[in-house]
Amino acid sequence: MFRTLKALFKKAEPYETPLPEADAQHAMGALLVRAAKADHKILFEELQVIDSILARRFGLNPVEASKMRAACEKLEKEMPETQEMTAIVRNAISMEERERTLKALWQVVYADGVNHEQEDVLLHHIEKLLGISKDRAKALQSEVRDG
């Protein structure tokens, strides 16, 4: 009986989001999370934008998008090299999709209304890794900023 009572008070194992496959969709989501965290804090507005982007890009409902973002957060944490994540995306999608991805990254960065130098540095690095020219990347950034 004592064991049964003790078992009732045992701490439940915390739920852990499983690490997703490092496919292009999850790598893109992980890049969105990394962009949001570039200024060392992730705000609710940024999470909303990420969820919205994931929902639109992959035809997900709000709950599915939120779950995907959670999986992408874990992938972002486990995959320290931005270059690796970007290579997965670059090798799997067209130039048009890469440009849409860069615009999505800028949407996340601008979601909180404050532009930080760390965010600019990260996104300019990603644009190079995606193979987007400086001029085209600047135009895409302007489209989002001036929106």
Side-chain angles (χ1 to χ4, degrees), residues 8-147:
L8 289 174
F9 292 104
K10 183 179 175 188
K11 259 189 177 176
E13 293 291 320
Y15 176 77
E16 191 170 311
T17 305
L19 186 64
E21 184 179 335
D23 58 15
Q25 291 180 346
H26 287 93
M28 187 196 112
L31 285 172
L32 294 171
V33 169
R34 182 148 302 164
K37 291 172 62 177
D39 60 358
H40 306 292
K41 58 186 174 222
I42 190 163
L43 300 176
F44 180 72
E45 295 87 356
E46 294 165 323
L47 296 176
Q48 283 183 309
V49 170
I50 293 170
D51 288 356
S52 175
I53 290 166
L54 294 175
R56 279 193 319 271
R57 286 289 280 274
F58 305 120
L60 305 173
N61 66 40
V63 172
E64 293 167 333
S66 182
K67 286 181 180 179
M68 182 175 181
R69 179 187 30 86
C72 292
E73 287 174 1
K74 183 160 187 165
L75 182 62
E76 186 275 336
K77 186 177 178 183
E78 296 294 323
M79 211 172 185
E81 295 298 321
T82 300
Q83 187 170 346
E84 287 178 54
M85 282 188 283
T86 307
I88 293 167
V89 173
R90 182 189 65 234
N91 294 331
I93 62 176
S94 68
M95 180 56 79
E96 182 180 329
E97 286 297 313
R98 288 187 235 163
E99 289 180 359
R100 285 182 61 211
T101 298
L102 184 60
K103 283 180 74 170
L105 289 162
W106 282 113
Q107 289 171 345
V108 170
V109 164
Y110 290 138
D112 64 1
V114 181
N115 192 12
H116 298 277
E117 184 179 346
Q118 309 96 306
E119 296 167 331
D120 283 349
V121 169
L122 175 65
L123 266 61
H124 292 309
H125 178 62
I126 291 172
E127 74 193 26
K128 288 178 201 167
L129 294 172
L130 288 173
I132 301 172
S133 72
K134 272 190 173 185
D135 289 339
R136 183 63 183 140
K138 194 176 216 176
L140 294 168
Q141 179 184 1
S142 293
E143 284 178 30
V144 174
R145 184 185 56 235
D146 302 336

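Because the structure is predicted, anything quoted here is derived from the model rather than measured.
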D51 versus L60: any side-chain heavy-atom pair under 4.5 Å? no

Between the side chains of E73 and R69, is the shortest nitrogen-to-carboxylate-oxygen separation below 4.0 Å, so that they form an ion pair? yes

Do K41 and E46 make a side-chain contact, defined as non-hydrogen atoms from C-beta onward lying under 4.5 Å apart? no

If you compare all heavy atoms of L32 against all heavy atoms of I50, which two are closest, and at what distance to 0.1 Å? O-CD1, 3.7 Å

About how many Å separate CG of L123 and CG of L105, when rounded to the nearest 0.5 Å? 5.0 Å

If you round to the nearest 0.5 Å, how far is CD of E119 from CG of D112? 6.0 Å

What's the separation between atom SG in C72 and atom CE in M85, rounded to the nearest 0.5 Å? 10.0 Å

Restricting to non-hydrogen atoms, name the atom on V89 and the atom on A24 that form the minimum distance, rounded to 0.1 Å. CG2-O, 3.9 Å

Should the pair E97-R57 be classified as a salt bridge under the 4.0 Å nitrogen-to-oxygen rule? yes

Applying side-chain hydrogen bond (donor to acceptor under 3.5 Å, both in side chains), can you list everything that pairs with E127, at least two apart in sequence or on another chain? H124

Within the structure provided, determine whether M95 and I132 are in side-chain contact (heavy-atom separation under 4.5 Å). yes

Kindly compute the distance separating CH2 (W106) from CG (L140), expressed to the nearest 0.5 Å. 10.5 Å

On a heavy-atom basis, which atom in R34 and which in E81 lie closest, and how many Å separate them? NH1-C, 3.7 Å

How far does CD of E99 sit from CD of E96, to the nearest 0.5 angstrom? 7.5 Å

Please report the shortest heavy-atom distance between L54 and G29, naming the atom on each side. CD2-CA, 4.1 Å

Kindly say whether L75 contributes a backbone atom to a donor-acceptor pair with the side chain of E78 at under 3.5 angstrom? no

Using a 6.0 Å cut-off, check whether atom CD of Q83 has over 12 heavy atoms from anything other than its own residue. no

If only atom types and distance count, is the side chain of R90 paired as donor or acceptor with the main-chain N or O of L130 below 3.5 Å? no

Spacing of M28 atom CE and D23 atom CG [to the nearest 0.5 Å]: 11.0 Å

Would you please say whether a donor-acceptor pair under 3.5 Å links the side chains of R145 and S142? yes

Any non-hydrogen side-chain atom of L102 less than 4.5 Å from a side-chain atom of R98? no

With a 4.5 Å cut-off on side-chain heavy atoms, are Q48 and S52 touching? no

Quick one: are R100 and I53 in side-chain contact, heavy atoms under 4.5 Å? no

Going by heavy atoms in the side chains, are D120 and H116 under 4.5 Å from each other? no

Considering all heavy atoms, the nearest A27-I88 contact: CB-CG2, 3.8 Å

Among H125, Q118, E117, whose side-chain contact (heavy atoms from CB on, under 4.5 Å) with V121 holds? E117

Is there side-chain contact between D39 and V109, with at least one heavy-atom pair below 4.5 Å? no

